Colleague: 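Once you've had a glance at the structure underneath, I'll fire off some questions.
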Amino acid sequence: MGHVLVVGGTGMLADVSKWHAKRYYKVSIIARDKLKMQKIERESSFYSPFLKPRYVSIKTFMNVRRF
């Protein structure tokens, strides 16, 4: 079992996220939209132990200092 990180995995990469979870990869999804993430979790409920959602606000990105 590997580990996959999908950034934006609830939009156009939703199928990619679910595909990896169905193959028993641990999938960490970074998403801004909590409702879309909940939809992914419902659709992949059998595989939910392999899904690790991380909700990130756009404000988080705006507050990051650039070096």
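We count residues from 1, following the sequence as given. Since this is a predicted model, take the numbers as computed values, not measurements.
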Colleague: Specify the closest pair of heavy atoms between Thr10 and Ala31, including all atoms of both residues, with the distance to one decimal.
Modeller: CG2-CB, 3.6 Å

Colleague: Using side chain to side chain contact (heavy atoms under 4.5 Å, CB included) as the criterion, list what pairs up with Asp15, not counting sequence neighbours.
Modeller: Lys18

Colleague: Residues two or more places apart in sequence or in another chain: which of them pass side chain to side chain contact (heavy atoms under 4.5 Å, CB included) with Val6?
Modeller: Val4, Leu13, Ser17, Val27

Colleague: Say you draw a straight line from CD1 of Ile40 to CD1 of Ile29; how long is it, rounded to the nearest 0.5 Å?
Modeller: 6.0 Å

Colleague: Any side-chain heavy atom of Glu41 within less than 4.5 Å of one from Gln38?
Modeller: yes

